[in-house]
Amino acid sequence: MGHSEHVDMTAQLSAGRDPAVSGRVRVAVHAADPITRMGVLASLRGRAEVQVVSGDETARAAVRVVAADRVTAETLALLRDSAEQADCPVVLVVSDVDPAYLLMVAECRVVAILPRAAATPDRVIAAVAAAAAGAGLIAPDLLGELLRQLERLHREVLTPNALTAASLTAREIEVIRLLADGFTAAEIARRINYSERTVKTVIYGVTRRMNLRSRAQLVAHAVRHGVI
């Protein structure tokens, strides 16, 4: 193999495409349960546009397809866990999306959201192709809600507190929301698959940064400014 051929193959591999079959996108599949995963795999396998990868090959995926019934704290944990295996755009197949989770979903690199009832093989393939090309596929109502949340976040939370978007992470918002629901640090840790120490560090860090004195003040501040 000549040098130019080697460079071309390396470029295709790094782009998540199979050099043996031009144009095929490497896809890793993750799901909340085995039956759902089998359904997604069945819709992708045998299609000329994609190559489903697993095991050690997952790290070279160009797109991740994550499927679940609803977006919950467990779904977000699944998105984070899959990101550790392959850091690439995500197509999320889900029955229901709580608007409260949209910001956190976006921070998990989700660029396409497909309703499970409408997730035909052709539509999943189209979403994978869009994600691989750097595009997105989100319903107008969800996209509009996401943009409204971002605007409100900047207007009511970040700007008044001299914070940047990078200063308030999805993890911090998630912890504050669960704290407001009455969960202890230990319970929050179990729900979002973090250590209790990490959760306490998040709470302490946000409380100090916002010049607050207690968890109760943190929750009240978050409610007042529309974070939760």
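Residues: numbered from 1 along the sequence shown. This structure is a prediction, so every number in the text was calculated from the model and none was measured.
Residues in residues 111-135 take part in these salt bridge (charged side-chain N to carboxylate O under 4.0 Å, His left out) pairs, two or more places apart or across chains: Arg47-Asp122. Note on residues 179-197: pairs passing salt bridge (charged side-chain N to carboxylate O under 4.0 Å, His left out), not counting sequence neighbours, are Glu196-Lys200.
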Donor-acceptor pairs are to be reported for all side-chain atoms of residues 38-45 against protein atoms at under 3.5 Å, with residues two or more places apart or in another chain.
| from | atom 1 | to | atom 2 | distance (Å) |
| --- | --- | --- | --- | --- |
| Ser43 | OG | Val40 | O | 2.7 |

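Between Thr201 and Thr198, the side chains place no donor N or O within less than 3.5 Å of an acceptor N or O (distance only, hydrogens not considered). The closest side-chain donor-acceptor pair between Arg215 and Tyr204, if any, does not fall under 3.5 angstrom.
Looking at residues two or more places apart in sequence or on another chain, you find a side-chain hydrogen bond (donor to acceptor under 3.5 Å, both in side chains) between Glu57 and Arg26, Arg60. Taking Ala135 as the reference, Ala130 meet the side chain to side chain contact (heavy atoms under 4.5 Å, CB included) condition, with sequence neighbours excluded. Take Asp33 and apply the salt bridge (charged side-chain N to carboxylate O under 4.0 Å, His left out) test, not counting sequence neighbours, and it matches no residue.
A continuous path of Ile, Leu, Val, Met, Phe, Trp and Tyr side chains, each step under 4.5 Å between heavy atoms, connects Val71 with Leu79, placing both in one hydrophobic cluster.
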Carefully, step by step, assess Asp69 and Val94 under the rule side chain to side chain contact (heavy atoms under 4.5 Å, CB included). CA-CA 5 Å; Asp69 184 39; Val94 65; over 6 Å; no

Worked check of side chain to side chain contact (heavy atoms under 4.5 Å, CB included) between Val63 and Val90: CA-CA 6 Å; Val63 176; Val90 178; over 6 Å; no

Any chance you could lay out the side chain to side chain contact (heavy atoms under 4.5 Å, CB included) test for Val206 and Leu218, step after step, and finish with the verdict? CA-CA 8 Å; Val206 178; Leu218 174 59; 3.6 Å; yes

For a side chain to side chain contact (heavy atoms under 4.5 Å, CB included) check, start with the C-alpha distance between Leu114 and Leu92, then their side-chain angles and the critical distance, and finish with the verdict. CA-CA 6 Å; Leu114 290 179; Leu92 178 61; over 6 Å; no

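The shortest distance between side-chain heavy atoms of Val25 and Glu49 does not fall below 4.5 Å. At least one side-chain heavy atom of Arg64 sits under 4.5 Å from a side-chain heavy atom of His30.
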